[in-house]
Amino acid sequence: QVLLRESGGGLVQAGDSLTVSCTASERTFSRSAMAWFRQAPGNERTFVAAISLSGNSTYYADSVKGRFTISRDNAKNTMYLQMSVLKPDDTAVYYCAATAATTKSFLLRSWKSFAYWGQGTQVTVSS
């Protein structure tokens, strides 16, 4: 059974930092490239960041580049998204997603490439 679980969301002020985490089963995590997407009310789900199986390759949306850092700890089957200089526009439900490690890098920016999803964690940034 594939299970992804996010944690660490919350309410913060603009300019603050926050880290969200995603844990997965060892079977899933050891075979997957991973990503974070987010969805604000009334908007479609959008790409935030992705990371290869090894962790050596990372990809970011332009809107978060330089502020967010994606990482993974393969020994703990956990992925992280460190968010800094948060803005009210970052308010959304953050979802982690997994896909086959062989997925082409340019496809990692599309939610359609991901078969497995967590339930999401709410991040709210007040102004």
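Everything numeric here is computed off the predicted structure, so don't read it as measured data.
No more than 12 heavy atoms of other residues, nucleotides or ligands shown are found within 6.0 angstrom of CD on Q119.
Nearest approach of S21 to T78, heavy atoms of both residues: CB-CG2, 4.2 Å. Pairing each heavy atom of P88 with each of A14, the nearest pair is CD-CB, 4.1 Å. A50 and L108 make their closest contact through CB-CB, 3.9 Å (heavy atoms, listed as atom of the first residue, atom of the second, distance).
Distance CZ/R67 to OG/S17: 10.0 Å, rounded to 0.5 Å. Atom OG in S32 sits 10.0 Å away from atom CZ in R27 (nearest 0.5 Å). Atom CG of L18 is separated from atom CD of Q13 by 13.0 Å, given to the nearest 0.5 angstrom.
Under the 4.5 Å side-chain heavy-atom criterion for grouping Ile, Leu, Val, Met, Phe, Trp and Tyr, V93 is connected to F114 within one hydrophobic cluster. Clustering ILVMFWY residues whenever any of their side-chain heavy atoms sit less than 4.5 angstrom apart, transitively, puts V20 in the very cluster that holds V64. Hydrophobic cluster membership differs between I70 and L53, with clusters built from Ile, Leu, Val, Met, Phe, Trp and Tyr side chains linked at under 4.5 angstrom.
Partners of N77 under the side chain to side chain donor-acceptor pair (under 3.5 Å) rule, at least two apart in sequence or in another chain, do not exist in this structure.
A donor-acceptor pair under 3.5 Å links the side-chain atoms of E6 to the main chain of C96, judged by distance alone. A donor-acceptor pair under 3.5 Å is formed between the side chain of R72 and the backbone N or O of S52. Checked by atom type and distance alone, the side chain of S110 pairs as donor or acceptor with a backbone atom of K112 at under 3.5 Å.
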Practice task
Run the numbers on Q82 and S84 for side chain to side chain donor-acceptor pair (under 3.5 Å), then give the verdict.
Solution key: CA-CA 7 Å; Q82 297 172 276; S84 62; over 6 Å; no
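With a 4.5 Å cut-off on side-chain heavy atoms, W36 and F68 do not count as touching. F29 places none of its side-chain heavy atoms less than 4.5 Å from the side chain of K76. Using a 4.5 Å cut-off on side-chain heavy atoms (C-beta onward), W117 and R45 make contact. When side chains are defined from C-beta on, Y60 counts as touching T69, because their heavy atoms get closer than 4.5 Å.
Within the structure, the side-chain hydrogen bond (donor to acceptor under 3.5 Å, both in side chains) test picks out the following pairs touching residues 91-103 (sequence neighbours left out): R38-Y94, T99-T103.
Here K87 does not pair with D90 in a salt bridge; the nearest charged N to carboxylate O distance is not below 4.0 Å.
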